[in-house]
Amino acid sequence: MSGSSIVKFQTVVAESQDGLSIDLMTTDHGLEQLHLIISPKALDKLIKDNPGFKHPGNPVVLAQYDADSEKLTVFPLRTLLTSRFLEPKYTKIRSIVVDGISSLEHQDYSENVGIGNMPAGLVRAPLFGFGVLNDLRTIVQAVERVPDVTELYVSKARGVSQNGGTLRISRSIFDGFRKTVGRLHRKTLAFVNERKLEVIETKISDLLQAKDSVDYHDDVHSALADRLAEALVGKIKSGTISRKAALQTVRASVANIAKTEPTEILSLQREIETVTLEDLIERMEKRIAQKGLTEHDWQSFLSANAFILRLAFGVPALVFEEQLAVGGTRFDGGGGKLADYAIRAGLLGNLAIIEIKRSSTDLVERKAYRGDLHAPSTELSGAVSQVLDQRYRLQMDIKSKKIDSGIFDVYTYAVQCIVIAGLTPESEPMRKSFELYRNSLKEVLILTFDELLAKLRALLSFLKGEQTS
């Protein structure tokens, strides 16, 4: 504060029922601070309820903003009028820094808004003392286990790093932590509620069948943690079982579990599929939003997640070959042209060819051809011609390829051609032009990346619906 002359004070949050209010102080050096103001009414109540309470002195700074760096530093404090009033919220963490925040003068301090453009998961309302939402306190607890850390920095920069007492975490990673904690919390509650129901059902059954009275205090089941572990890996004697060992045990026991507890194994399978889908959807959303991805980047992603390609078909399908040679001597041979993927679809082993473009590929020309009609882009029409030529070459050479490769259970009776490219156009004229073009194609199916994402979301909704049915 030294060397700064105060320009003005203004009340941004009026006095609450507890007698607390928030003032904004601004200096001519671009420094802004939020001060917690304790009214005589609040002070009297504190002293009456807590005789040992002493006013910490002014100002009580809740937040500080630097206009040059657009960094907001908050100092999480307890603001309920109890014996712990104004104590730090956390054991070690004393401040949380967030960059990319607008000036405090331009914020909406109403209870439901608070400091705008703060990352989800952080308390935005000053009267609540800032910090991390209570449901996510385990994130802070984990951060506090990092040696010497007293400040958490949620940054727009990528990655995680430590500089002295400051642990910097990117916004995307912090948001991933937030989603993970929320997902685990929901799953834990569901598990606990199921166990509660099971316990009560068992006790009712015992009471109806028992001749003598039942002791309500007996533990019908083992501890919840043991029950959850047993559900996955069987009876645990002692010690810690690693995730890898747990998975190996489950894998070895799948056949037996499927026979004895088919409903449980199907429920577990749906749970795993749901979690996997949620992660896959999140990663695909980030890729679609990311600029500069090449065709190779998308091919690598879809190779690692071939399930997305199978989702494009209405029948069971598997990836038969990546980078299929359609002009060489073998299916994986050199020379000739390469198709990005060949899919063996359905029960007959009929092949389909998929050509992958970029998510940033323009589907129609930006300049209207005539009126509100837009011609298909050169890149899209070229991809259509390319995949048709690949099909032609494959059908011409299929017999020799079967012989040379020793693979005979694939066929080219009716090779389906698919082009995955771009995103659905934003403007209505461009959307109409794109729909007119792709629906006029009888032998090539064009799918956009956001349509594939929509298929994943629809499948996730279906699986969640099955789990709750």
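Since the structure is predicted, the reported quantities are computational estimates derived from the model, not experimental observations.
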Next item on the list: Tell me, with the steps shown, if Val74 and Leu62 meet side-chain contact (heavy atoms from CB on, under 4.5 Å).
Entry: CA-CA 6 Å; Val74 299; Leu62 291 176; over 6 Å; no

Check: Under 3.5 Å, side chain of Ser170 to main-chain N/O of Ile173, donor-acceptor pair present?
Finding: yes

Note to self: Among Glu278, Glu451, Glu285, exactly one meets salt bridge (Lys or Arg N to Asp or Glu O under 4.0 Å) together with Arg457. Which residue is that?
What the structure shows: Glu285

Next item on the list: Please say whether more than 12 non-hydrogen atoms of neighbouring residues, nucleotides or ligands are located less than 6.0 Å from CD in Gln17.
Entry: no

Notebook entry, point to check: Do Thr82 and Arg84 have side-chain atoms, one donor and one acceptor, less than 3.5 Å apart?
Noted result: no

Side-chain donor/acceptor pairs under 3.5 Å, residues 124-143, sequence neighbours excluded:
unit_1	atom_1	unit_2	atom_2	d
Arg124	NH2	Met118	O	2.7
Arg137	NH1	Asn134	O	2.6

Notebook entry, point to check: Quick check: does any side chain N or O of Gln162 sit under 3.5 Å from a backbone N or O of Pro147, one acting as donor and the other as acceptor?
Noted result: yes

Checklist line | Within 6.0 Å of CG in Asn163, more than 12 heavy atoms from elsewhere | finding: no

Check: CE/Met284 to CZ/Arg287 distance, rounded to the nearest 0.5 angstrom?
Finding: 9.5 Å

Check: Given side chains that start at C-beta, do those of Phe85 and Asn50 come closer than 4.5 Å, heavy atoms only?
Finding: no

Margin query: Using modelled atom types and a 3.5 Å cut-off, is there a donor and acceptor pairing between side-chain atoms of Asn117 and backbone atoms of Gly100?
Written below: yes

Next item on the list: To the nearest 0.5 angstrom, please state how far the OH atom of Tyr153 sits from the CG atom of Leu167.
Entry: 12.5 Å

Check: Who are the side chain to side chain donor-acceptor pair (under 3.5 Å) partners of Thr378, not counting sequence neighbours?
Finding: none

Check: Does a side-chain heavy-atom distance below 4.5 Å link Asp49 with Leu81?
Finding: no

Item checked: Residue pair Glu151 / Ser95, side-chain donor-acceptor N/O under 3.5 Å -> yes

Notebook entry, point to check: Between Leu363 and Ala421, what is the shortest heavy-atom contact and its length?
Noted result: CD2-O, 3.6 Å

Check: Between Glu428 and Arg431, is there a salt bridge with N-O shorter than 4.0 Å?
Finding: yes

Checklist line | Short side-chain donor-acceptor distance under 3.5 Å, Glu15 and Ser21 | finding: no

Item checked: Non-hydrogen atoms of Gly292 and Asp297 that approach each other most closely -> O-OD2, 4.3 Å

Margin query: Measuring only between side-chain heavy atoms, which start at C-beta, is Val444 closer than 4.5 Å to Arg438?
Written below: no

Item checked: From Thr73 atom OG1 to Arg94 atom CZ, the distance as rounded to the nearest 0.5 Å -> 15.5 Å

Next item on the list: Output yes when Lys48 and Asp44 qualify as a salt bridge under the 4.0 Å nitrogen-oxygen rule, no when they do not.
Entry: no

Next item on the list: For residues Lys432 and Leu373, report the shortest heavy-atom separation together with the two atoms involved.
Entry: CE-CD2, 4.0 Å

Next item on the list: For side-chain contact (heavy atoms from CB on, under 4.5 Å), just list the numbers for Val98 and Tyr65, CA-CA rounded to whole Å, side-chain angles, deciding distance to a tenth of an Å, and then say yes or no.
Entry: CA-CA 10 Å; Val98 184; Tyr65 177 77; over 6 Å; no

Item checked: Least distance between heavy atoms, Ser103 atom then Glu32 atom -> OG-OE2, 2.7 Å

Note to self: How close do Tyr90 and Glu144 get, counting heavy atoms only, and between which atoms?
What the structure shows: CB-OE2, 3.3 Å

Note to self: Testing the 3.5 Å rule here: is there a donor-acceptor pair between the side chains of Asp450 and Thr448?
What the structure shows: yes

Notebook entry, point to check: Any side-chain heavy atom of Gln64 within less than 4.5 Å of one from Phe75?
Noted result: yes

Next item on the list: Starting from the C-alpha separation in whole Å, work towards a yes-or-no answer on side-chain contact (heavy atoms from CB on, under 4.5 Å) for Lys357 and Gln386.
Entry: CA-CA 12 Å; Lys357 294 301 179 184; Gln386 181 181 5; 3.5 Å; yes

Next item on the list: Of all the heavy-atom pairs spanning Ala120 and Phe174, show the shortest one and how long it is.
Entry: O-CE2, 3.4 Å

Note to self: Between Gln107 (side chain only) and Ser102 (backbone N and O only), is there a donor and an acceptor less than 3.5 Å apart?
What the structure shows: yes

Note to self: Between Leu380 and Asp362, is the side-chain contact (heavy atoms from CB on, under 4.5 Å) condition met? List the steps.
What the structure shows: CA-CA 7 Å; Leu380 180 60; Asp362 287 331; over 6 Å; no

Note to self: Less than 4.5 Å apart, side chain to side chain, heavy atoms only: is that true for Leu445 and Ile418?
What the structure shows: yes

Checklist line | Distance (rounded to the nearest 0.5 Å) between Ser359 OG and Gln290 CD | finding: 8.5 Å

Notebook entry, point to check: Is any side-chain N of the basic residue among Asp175 and Arg171 closer than 4.0 Å to the acidic one's carboxylate O?
Noted result: no

Check: Can you tell if the side chain of Val364 reaches within under 4.5 Å of the side chain of Tyr437, non-hydrogen atoms only?
Finding: no

Item checked: Heavy-atom side-chain proximity of Lys89 to Leu77 below 4.5 angstrom -> no

Item checked: Matching residue for Leu72 among Asp99, Leu104, Ile96, Val97 - test: side chain to side chain contact (heavy atoms under 4.5 Å, CB included) -> Leu104

Check: Would you say the side chains of Arg168 and Ser161 form a donor-acceptor pair under 3.5 Å?
Finding: yes

Margin query: Rounded to the nearest 0.5 Å, what separates atom NZ in Lys45 from atom OG in Ser39?
Written below: 11.5 Å

Notebook entry, point to check: From Leu24 CG over to Leu34 CG, what is the distance, rounded to the nearest 0.5 angstrom?
Noted result: 5.5 Å

Margin query: Less than 4.0 angstrom from a charged side-chain N to a carboxylate O is my criterion; do Lys8 and Glu105 meet it?
Written below: yes

Next item on the list: Taking the side chain as every heavy atom from C-beta outward, state whether Tyr109 and Ile115 have any pair of such atoms under 4.5 Å apart.
Entry: yes

